[in-house]
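Report on one structure; see the data block that follows.
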Amino acid sequence: SVLMFKFGPSPAMLIHHADGTWASLSAVCTHLGCTVQYEPQADRIHCACHGGVYNAYTGANVSGPPPKPLRKFNVVVGENSVEVSRS
Ligand code: FES
């Protein structure tokens with residue numbers, strides 16, 4: 001599942017993968033700045049603007065025009081909370 005949220009002025013994603021791991025990534029495409037979307041059925045992140053694809057665990061740019069990875073944030077999972085922070 002995915003939660004889209006604003007991290008400061010920019011959109012970001014908190015992804016809970018089917019294997020139980022968490023990832024939090026910037027949702028701003030590194031190509032021209034469109035907002036990317038998590039696609040759970042393919043377990044990937046897709047940018048509809050020009051077809052960019054990113055790894056949903058690491059944010060690595062996998063195919064299409066994006067020149068670099070999505071920014072990755074730190075995730076700390078507590079008993080009743082999930083905390084996301086920048087390093
Ligand atoms: Fe995302 Fe171009 S803005 S692929």
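One is the number of the first residue; the rest follow in order along the sequence. Both backbone and side-chain heavy atoms feed into the values below; hydrogens, waters and symmetry mates do not. Because the structure is a prediction, the values reported are computed rather than measured.
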Practice problem: Take the SG atom of C49, take the SG atom of C34, and say whether they are under 2.5 Å apart. | Solution: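 Yes, C49 links to C34 through a disulfide.
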Quiz item: Are V82 and L3 connected in the hydrophobic side-chain network, where two residues link if heavy atoms are under 4.5 Å apart?
Solution: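 Linked, V82 and L3 end up in one cluster.
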Quiz item: If you group Ile, Leu, Val, Met, Phe, Trp and Tyr by side-chain heavy-atom gaps below 4.5 Å, do W22 and F5 land in one group?
Solution: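 They do share one cluster, since a chain of ILVMFWY contacts under 4.5 Å joins W22 to F5.
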Quiz item: Applying salt bridge (charged side-chain N to carboxylate O under 4.0 Å, His left out), which residue pairs with at least one partner in residues 26-37 are found, sequence neighbours left out?
Solution: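 For residues 26-37: none.
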Just how far is it from atom [atom1] of [X] to atom [atom2] of [Y], taken to the nearest 0.5 Å?
| X | Y | atom1 | atom2 | answer |
| --- | --- | --- | --- | --- |
| S87 | K72 | OG | NZ | 10.0 Å |
| L14 | M4 | CG | CE | 11.0 Å |
| L25 | I15 | CG | CD1 | 5.0 Å |

Self-check item: H17 and Y38, any side-chain heavy atoms less than 4.5 Å apart
Solution: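 SC-SC contact between Y38 and H17 confirmed.
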Quiz prompt | Minimum side-chain heavy-atom gap V84-F7 below 4.5 Å | solution =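 Touching, per the 4.5 Å side-chain cut-off.
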Exercise. Ignoring hydrogens and angles, tell me if any N or O in the side chain of S24 forms a donor-acceptor pair with the backbone of V75 under 3.5 Å.
Key: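 Pair absent, no side-chain N/O of S24 close to backbone of V75.
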Exercise. Identify, with sequence neighbours excluded, every residue that meets salt bridge (charged side-chain N to carboxylate O under 4.0 Å, His left out) alongside E39.
Key: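 Result, salt bridge (charged side-chain N to carboxylate O under 4.0 Å, His left out) vs E39: R44.
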Below 3.5 Å, can you tabulate the donor-acceptor pairs from side chains in residues 52-71 to any protein atom, sequence neighbours excluded?
| residue | atom | partner | partner atom | Å |
| --- | --- | --- | --- | --- |
| Y54 | OH | T30 | N | 3.0 |
| Y54 | OH | T30 | OG1 | 3.1 |
| N55 | OD1 | Y57 | N | 2.6 |
| N55 | OD1 | T58 | N | 2.9 |
| N55 | OD1 | T58 | OG1 | 3.4 |
| Y57 | OH | D43 | OD2 | 3.1 |
| T58 | OG1 | A60 | N | 3.1 |
| N61 | ND2 | P66 | O | 3.1 |

Quiz item: Closest approach of V36 and S26, non-hydrogen atoms and distance?
Solution: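 Closest pair (atom of V36, atom of S26, distance): CG2-O, 4.3 Å.
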Self-check item: More than 12 heavy atoms of other groups within 6.0 Å of Q41 CD
Solution: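 Yes.
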